[in-house]
Amino acid sequence: MIKAVMMMNTQGKPRLAKFYDYLPVEKQQELIRGVFSVLCSRPENVSNFLEIDSLFGPDSRLVYKHYATLYFVLVFDGSENELAMLDLIQVLVETLDKCFSNVCELDIVFNYSKMHAVLDEIVFGGQVLETSSVEVMKAVEEISKLEAASNSISLVPKSVSGWRGR
Amino acid sequence: MNPFSSGTRLRDMIRSIRACKTAAEERGVVRKECADIRASINENDPHDRHRNLAKLMFIHMLGYPTHFGQMECLKLIASPGFPEKRIGYLGLMLLLDERQEVLMLVTNSLKQDLNHTNQYVVGLALCALGNICSAEMARDLAPEVERLIQFRDPNIRKKAALCSTRIVRKVPDLAENFVNAASSLLKEKHHGVLITGVQLCYELCTINDEALEFFRKKCTEGLIKTLRDITNSSYQPEYDVAGITDPFLHIRLLKLLRVLGHGDADASDLMTDILAQVATKTESNKNAGNAVLYECVETIMAIEDTSSLRVLAINILGRFLSNRDNNIRYVALNMLMKAIAFDDQAVQRHRVTILECVKDPDASIRKRALELVSLLVNENNVKQLTKELIDYLEISDEDFKEDLSAKICSIVEKFSPEKLWYIDQMLKVLSEAGKFVKDDVWHALIVVISNASDLHGYTVRALYKAVLTYSEQETLVRVAIWCIGEYGDLLVNNVGMLGIEDPITVTECDAVDVIEDAITRHNSDMTTKAMALVALLKLSSRFPSTSERIKDIIVKQKGSLLLEMQQRAIEFNSIVDRHKNIRSSLVERMPVLDEATFNVRRAGSLPASVSTMAKPSVSIPNGVAAAPVVDLLDLDSDDILAPPSSSGADFLQDLLGVDLGSSSAQSGATQAPKAGTDLLMDILSIGTPSPAQNSTSSIDLLSTADVNSNPSFALETLSSPAPPHIATTASAGGMFDLLDGLSPSPSKEATNGPAYPPIVAYESSSLKIEFSFSKTPGNPQTTNVQATFINLSPNTFTDFVFQAAVPKFLQLHLDPASSNTLQASGNITQNLRVTNSQHGKKSLVMRMRIGYKVNGKDVLEEGQINNFPRGL
């Protein structure tokens, strides 16, 4: 199970944080700081995995990727495949790239509601929900349309033919 | 309306927070925003609710408290519009948790939304439920979720499936309700739904044994077919990751097969072919392919015995080890560590590759590989592996040497086939990484050396050679010094030559050179210097011809800044100078150290490594602790063993017979004399027919010890040319020539500045307290007060406690009292140290309280002391 998804910039400012186990806000901040302090001391050209039992309890692992000014971090337990989690970060980043066309830190800061929409379509309650960025984008666009249409909810049709066509 | 697209105040808030230069500024902005939001919540305007919550979520992410917005979430969820509901559910997931009562209120809204006509609202509700579902909610809403698994839209189906995993995790009893729905999901064609369906089955299998049986019987073949289909399927752009069709689905399927195959030979048999196919056909040049292979290996390891597959699996891991990608090597090492339990032999075959990983540039991989290597070591390969590791130790990074040397040492200690080999390897490690080696390792080495009597000569010569080359490795130097001190005669005379040795010629002078070098080198620490001093004393007896030279070296140490060194130098000087007759028996070789005792003690104190200045953490029965000290000095009088209270001995002390740092570490003034003098007493009592019982001499001893307990006094008396043979009593004279440099000068009072008259601080019908004062030279602010409590009554006071309080400009330090029992018309003393920050302006003043028991009854006396002498 995935325990947490975090994005933070290279100064340690959290840009998105979602914890799938309940934690009080102080603890969340402490963990974000703890993870950052580990990450920022990692040299280049080392593996993307860390064992961080000290922060998240026994059998916790962390996968991170560093893109430009952002760290993407997944924390999970022993039931997940580390290499697959690395690919999942890739899926997340690809989807964001499609969503914001060349995503940068500012997109994430000002659109965190949309960020959550994307994340909720990929990781659901600590489980991997969808790994195709095309499918994720479809779902997110539907949500955006609905939000734009504001009060007229019932008018929005849904299209399910897309996936059946394959 | 929409806070995200309209660019209204949410954006403004984010901008103003981003514009903050300091954390304090940011807090200010957030505080102001929170105040506005609260005000707006109180107005209860539905139009602002949405935007308020959006802001609150941002504030929450920054780590500020946002509990006051929780009820707003519920209101938004209950409102009809989609954007409101969405932000409401988002807030619910982020700001609330399953422990709060608020959740009770939300269950009803969730139920309605799960039955909503708009599927996106249903999706929102499922998502929220999947994140925050509690046990009660799981029971209430399980039927809705179960129904949604059959929903027409795949997006809802997959969310419902994952929501079910959360529900059965929270309430395992509900598992059977979901079994049928889950098995229907396995027939899905939509990959997203299939992944979640497989995930749900996996969850059910791990929770419920019946479900496991059911899936094993009904679904194993179907799953294998699905896996075969996607393995063989042609290119599917949507789920393709680096040329592998949907690696995530691969992984989920393999994981489920793992559960089904574990503990069931039939099911395992069925999946052998497909596993072999995945293991051999998957492309391994990309991360995604390796992720699949990795999962496949894990499944092969977990299912029932198919040894040919296991070899295949371990070979895959072996290939991983030589992969260029750090991540792949890292997971391979992790996996091999698990694989050792199954098939040690197969892993052993990759030993060479694993050893290469120990030399990896990536520190985390090195660390893993090192752990793996230490698991691989056994009696057969220990020599070869140790050689490889030690060879690498020579060229490894400085920061890796500590880990590496520690591992080598533990391997060598654990698997060493013979003592000679052990000593050889340890010497190599100490030579290469001596400064990184922990104390207990070289302590253990000394114990082993001491026990290997036939190797003493060999060891001391090897050490002598090593220390000439690697003199900067502190622990090597220590071991060498100890051995030269003990076995110096063997070094010089080439005693006990082994066949493998080249003969060397070492003169007595050379041996002393090594030790002189260690004691004079500026970066030697106190332990090394102290060991060197002891070694010199020993050599002075072993090599009579160098006696004069050794004396010179010892004399130089009289000027050492370290009190302990100074004192030992003076004592040893006396021994060398005047007690030639007892010297040789005094410095006889150490008796063989008891290996078993050491190991027990080491096991007990392992986490707290023995440090020279810290108080020892393990207290050892007095007999054990004191014995080596006595042995070292070869006293034959057992009756003057140190009193139990002063047996703060650790291994180091045993080794050296030197009371390192204890005089400063001991806090109680009453204990200090004992600790300081036990060794002195031991030395003193040699040859004197127990005059220590004599009252006059014991007082003298104690006054010597007073000097000892107060380092600055000692320094002063030592630096002033004290006249020899101050001691006047004839009975003590015999002893004092040993201590002449140390004896307190009779004019001590005079050199300490103005003396202060003692006062009677307090007097009642039963108790009298007298204070006498002294000053520490060079520190006029501090006054040492010795309080004497005198019992005037015919009763014994027990549980006697003296408490004192002083105004702010004073600082008070209380040492423990000499006793907490005050005999009838007896007295006890207690030392106080008062520091007057306004020295010269204000005089001392003190309030005190005395509590004690008389015949079991509590008595409390209080008073104020105003009659301190002026100028304190």
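Bear in mind that the values here come from a model prediction, so they are computed numbers and not experimental data. Numbers restart at 1 for each chain; the letters A, B, ... are given by sequence-line order, proteins then strands.
- No part of B/Asp325 comes within reach of chain A, as not one of its non-hydrogen atoms sits under 4.5 angstrom from that chain.
- The CG atom of A/Leu146 sits 7.0 Å away from atom OH of B/Tyr120, with the distance rounded to the nearest 0.5 Å.
- Annotation: maximal heavy-atom pairing with chain A below 4.5 Å, among B/Pro361, B/Cys163, B/Pro65, occurs at B/Cys163.
- Separating the CD1 atom in B/Ile195 from the OG atom in A/Ser132 is a distance of 9.5 Å, to the nearest 0.5 Å.
- Within the 4.5 Å cutoff, side-chain heavy atoms of A/Glu121 are placed close to those of B/Lys159.
- Between B/Asp362 and A/Ser47, the shortest heavy-atom contact is OD2-N, 2.5 Å.
- One finds no salt bridge joining B/Lys85 and A/Glu147 here, because no Lys/Arg side-chain nitrogen approaches an Asp/Glu carboxylate oxygen to under 4.0 Å.
- Highest contact tally toward chain B, considering only A/Ile143, A/Asp21, A/Leu86, A/Val46, is held by A/Val46 [criterion: heavy-atom pairs under 4.5 Å].
- Taking each heavy atom of B/Asn155 and A/Ala139 in turn, the nearest pair found is ND2-CB, 4.5 Å.
- Judged as a ring-ring contact (aromatic ring centres under 6.0 Å, His included), and not counting sequence neighbours, A/Phe100 has no contacts.
- Scanning both residues, A/Leu83 and B/Tyr294, for their nearest heavy atoms gives CD1-CB, 4.0 Å.
- When each of A/Asn48, A/Leu129, A/Leu50, A/Val63 is checked for heavy-atom pairs under 4.5 Å with chain B, A/Leu129 comes out on top.
- Of all residues in residues 10-20 of chain A, those placing a non-hydrogen atom less than 4.5 angstrom from a non-hydrogen atom of chain B are A/Lys13, A/Pro14, A/Arg15, A/Leu16, A/Ala17, A/Lys18, A/Tyr20.
- Interface remark: of the candidates A/Gly125, A/Ser144, A/Gly126, A/Gly125 forms the most heavy-atom pairs closer than 4.5 Å to chain B.
- Although no hydrogens or angles enter the test, the distance criterion places a donor-acceptor pair under 3.5 Å between the side chain of A/Tyr112 and the main chain of B/Phe58.
- Neither the backbone nor the side chain of B/Arg366 comes within less than 4.5 Å of any heavy atom of chain A.
- Note that CD of B/Glu298 is 7.5 Å distant from CG of A/Asn81, once rounded to the nearest 0.5 Å.
- Between the NE2 atom of A/His116 and the CE atom of B/Met93 there is a distance of 8.5 Å, given to the nearest 0.5 Å.
- Between A/Phe124 atom CZ and B/Asn131 atom CG the span is 6.5 Å, to the nearest 0.5 Å.
- Contacts of B/Glu371 classified as side-chain contact (heavy atoms from CB on, under 4.5 Å), with partners at least two apart in sequence or in another chain: B/Met337, B/Arg368, B/Lys407.
- Across every non-hydrogen atom of A/Val109 and B/Ile14, the tightest pair is CG1-CG2, 3.5 Å.
- B/Lys255 contributes a side-chain N or O that, together with a main-chain N or O of A/Ser79, makes up a donor-acceptor pair within less than 3.5 Å.
- For a residue to count as touching a neighbouring chain, one of its non-hydrogen atoms must lie under 4.5 Å from one of that chain's; by this rule B/Arg252 touches chain A with the side chain only.
- The side-chain heavy atoms of B/Arg15 and A/Phe110, taken from C-beta on, include a pair separated by under 4.5 Å.
- A side-chain donor-acceptor contact under 3.5 Å links B/Arg86 to the backbone of A/Ser113.
- In terms of heavy-atom pairs under 4.5 angstrom with chain B, the leader among A/Glu82, A/Arg42, A/Met85, A/Met1 is A/Glu82.
- Contacts with chain A were tallied for B/Asn327, B/Val331, B/Asn326; B/Asn327 has the most, counting heavy-atom pairs under 4.5 Å.
- Closest of all the heavy-atom pairs between A/Ala84 and B/Ala291 is N-CB, 3.9 Å.
- The two atoms that bring A/Val128 and B/Leu162 nearest to each other are O-CD1, 3.6 Å, heavy atoms only.
- At a 4.5 Å heavy-atom cutoff, B/Thr66 makes no contact with chain A through either its backbone or its side chain.
- Contacts of B/Glu295 with chain A are made by both backbone and side-chain atoms, with heavy-atom separations under 4.5 Å.
- Within residues 25-39 of chain A, the residues having any heavy atom closer than 4.5 Å to a heavy atom of chain B are A/Val25, A/Gln28, A/Gln29, listed by residue number.
- Using a 4.5 Å heavy-atom threshold, the side chains of B/Arg18 and A/Leu106 count as touching.
- In this structure the side chain of A/Leu88 reaches within 4.5 angstrom of the side chain of B/Phe248, judged on heavy atoms.
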